[in-house]
Amino acid sequence: MSSVTFKQATRIFPGNKKPAVNSLDLHIEDGEFLVLVGPSGCGKSTSLRMLAGLEEVDHGQILIDGEDVTNVAPKDRDIAMVFQNYALYPHMSVAENMGFALKIAGVAKEEREARVLEAAKLLDLEELLDRKPKALSGGQRQRVAMGRAIVRSPKVFLMDEPLSNLDAKLRAQTRTQIAALQRRLGTTTVYVTHDQIEALTMGDRIAVLKEGILQQVGTPSELYETPQNIFVAGFIGSPAMNIFEVDAPKFGSQRIPLSASQKENLGKAKLVIGFRPEDVTLSESGEGEEIQIDYVEELGADAYIYASTVGDNPRELTIRVDGRKHPKAGDRVKASINLEHIHLFNAETEQRL
Amino acid sequence: MLGFKAKRAIFSMIAILVAAIWAFPVYWMINSSLLPNVKLESRIPTFWPDGGNLNNYQNVLQKGDFFQALGISAAVTLLAVAGCLIIAFMAALAISRFRFKGRTSFVLTVLIVQMLPAEGMFIAQSQMMSNLGLKNNILGLSLLYMAAVVPFTVWMLRGFVAGVPIELEEAAMVDGLSRAQAFFRITFPLLAPGLVASGVFAFLQCWNEFTVGLVMMTDNANHTLPLWLRAFVQSSATRAIDWGQVMAASTLVAIPVVIFFIIVQGRMTSGLVSGAVKG
């Protein structure tokens, strides 16, 4: 049992007025893989470092297993951390790196070696145990950093953008490996990334942060299907959601129906509509907004159409279409939104209706 | 246009020439120390110590006070270097790892104090050491040397500390060490090249220092090697200077430095930290 709870946790860096992390309330269940995601400077790394004990907590509390660790030193929290730049001890071999925490904890040499070997097998590092970090490739270093965390069987794994120094192919591969490994070990994990694809593919739940404030927590599909505000809507999903402010609930000739409660929530504010690139139907002539196709990006199975609306106030939008059959650049077509998947927001509060 | 190889050859020749010009005085010193005065004072220079011998060295060493001066120099230098490294290591850690009020001004002060001319402080230093009863005292001189080399060493070490990623200490703290333990078990071993490099520099400063030694060590029995060398030249003032012996004495003063350097140079290699971060 190792849950993690942030209770109104706040961090204000000296000399700053605005908190880097502002009253964060978050509960992470035992065994859960939680991803903290957000643009740079959103406070995700700071939150993780607060949990590690490397950053002070100015207000609020942090609990591990229901136990208040707010003022406990990092070494006494029973956590393991994987750093963005791996932070391997350069003067120690791979085996020494992985066994260092156990050595400090006073684990007997034989048991230590057995546990290091076990973790090394899991990560395919057996051949490399005697090497120094400088003799390893980037991907191998990353695995050693993972191994150093696994060996300890800690209460919580903390990972601070562990994949950002790998090349794209290796990153995609390692992403799956880490997620699978975590499911297998069942260790509660908090994972920080700025990459929303990593967040969607790896996390049981995702917490989106912006400017130190928690925007939304939910499963990947909850965040994708029902983003609670405009920021989350724009941040999650690639290519990003098309988001427009409109004067009336219409998209060209297509009417957008609002329920009574949605109307009430909107009040006198302007309406913002959002729709994902795949939720658009194109037709030669029909309902919807007329668009001019500027440019088509072919991706094989899919193609992305970058288009702009025709009219006084042209707006750019992205549409995902079948890669084999789609209109060409320069064409003018009608675009209508799949209303089942439309997202409506209040322009003033930026909240979902 | 010259080819790549021709260009390289020209640069190599220039490099050899510069090296030769730089090394010549050292060669001349050793060469002269092996030659008898008759040859040294001849109008035709002797470039090769053909038929030379070690008589000059024998004569210098027989006078006996060389070893006394060597002992004093070694004691003063080692005390100063050891003290300097301990103080500078801790100061460098503090200014590169901790955020505290006045950190920037402290760093600047360390730089600015080095701009004061040493001569301006002789009288004050002499007075202070007199009052403390540390004149003509090994400890007294090493304290002054330490004070002289600490600021520069702090600056030099600061760069080396900054070169050790702070994540290594953080990783060690997460792995179960306290902050102080992380410094000594992780950062300290990684600073070895930096400590050696700045130690060599401090060593040279102290070993070759003359003026402060002259002011502090008024008693002949407490002379350091540079002072001994000067006294050696002066002692022959009544007669013609025995250049052969002076050169032999100079060579003897330089030898310990060379030995020290040979011992530590293997550890001066940088790149100990490579592999710690990124890929």
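Around the CD atom of A:Glu56, the shell of radius 6.0 Å holds no more than 12 heavy atoms that belong to other residues, nucleotides or ligands. By the 6.0 Å contact criterion, CZ on B:Phe11 is open, its count of non-hydrogen atoms from other residues, nucleotides or ligands being 12 or less. The environment of B:Phe24 atom CZ is dense: over 12 non-hydrogen atoms of other residues, nucleotides or ligands sit within 6.0 angstrom. Annotation for A:Glu67: atom CD does not count as buried by contact number, only 12 or fewer foreign heavy atoms lying within 6.0 Å. Annotation: B:Arg103, atom CZ; neighbour count of heavy atoms from other residues, nucleotides and ligands within 6.0 Å is above 12. Annotation: A:Asp167, atom CG; neighbour count of heavy atoms from other residues, nucleotides and ligands within 6.0 Å is above 12. Within 6.0 Å of CE on A:Met92 lie more than 12 heavy atoms contributed by other residues, nucleotides or ligands.
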Does A:Arg148 form a side-chain contact (heavy atoms from CB on, under 4.5 Å) with B:Val174? I'd like the steps, not just the answer. CA-CA 11 Å; A:Arg148 195 166 63 176; B:Val174 171; over 6 Å; no
Worked verdict on B:Leu168 versus A:Phe83 for side-chain contact (heavy atoms from CB on, under 4.5 Å): CA-CA 9 Å; B:Leu168 289 183; A:Phe83 290 82; over 6 Å; no
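Only the backbone of A:Ala80 comes within contact range of chain B, with at least one heavy atom under 4.5 Å from a heavy atom of that chain. Interface residue A:Arg49: only side-chain heavy atoms are found under 4.5 Å from chain B. In this structure, chain A has heavy atoms under 4.5 Å from both the backbone and the side chain of B:Arg185.
Under the 4.5 Å side-chain criterion, counting only non-hydrogen atoms from C-beta, A:Pro14 is not in contact with B:Arg99. Using a 4.5 Å heavy-atom cutoff, the side chains of B:Glu167 and A:Leu54 are not in contact.
When every heavy atom of B:Asp175 is checked against every heavy atom of A:Ile104, the shortest pair comes out as O-CD1, 4.0 Å. Looking at every heavy atom in both residues, B:Pro189 comes nearest to A:His91 through CG-NE2, 3.8 Å.
One distance of note links CG of B:Leu177 with CZ of A:Phe100; it measures 4.5 Å at 0.5 Å rounding.
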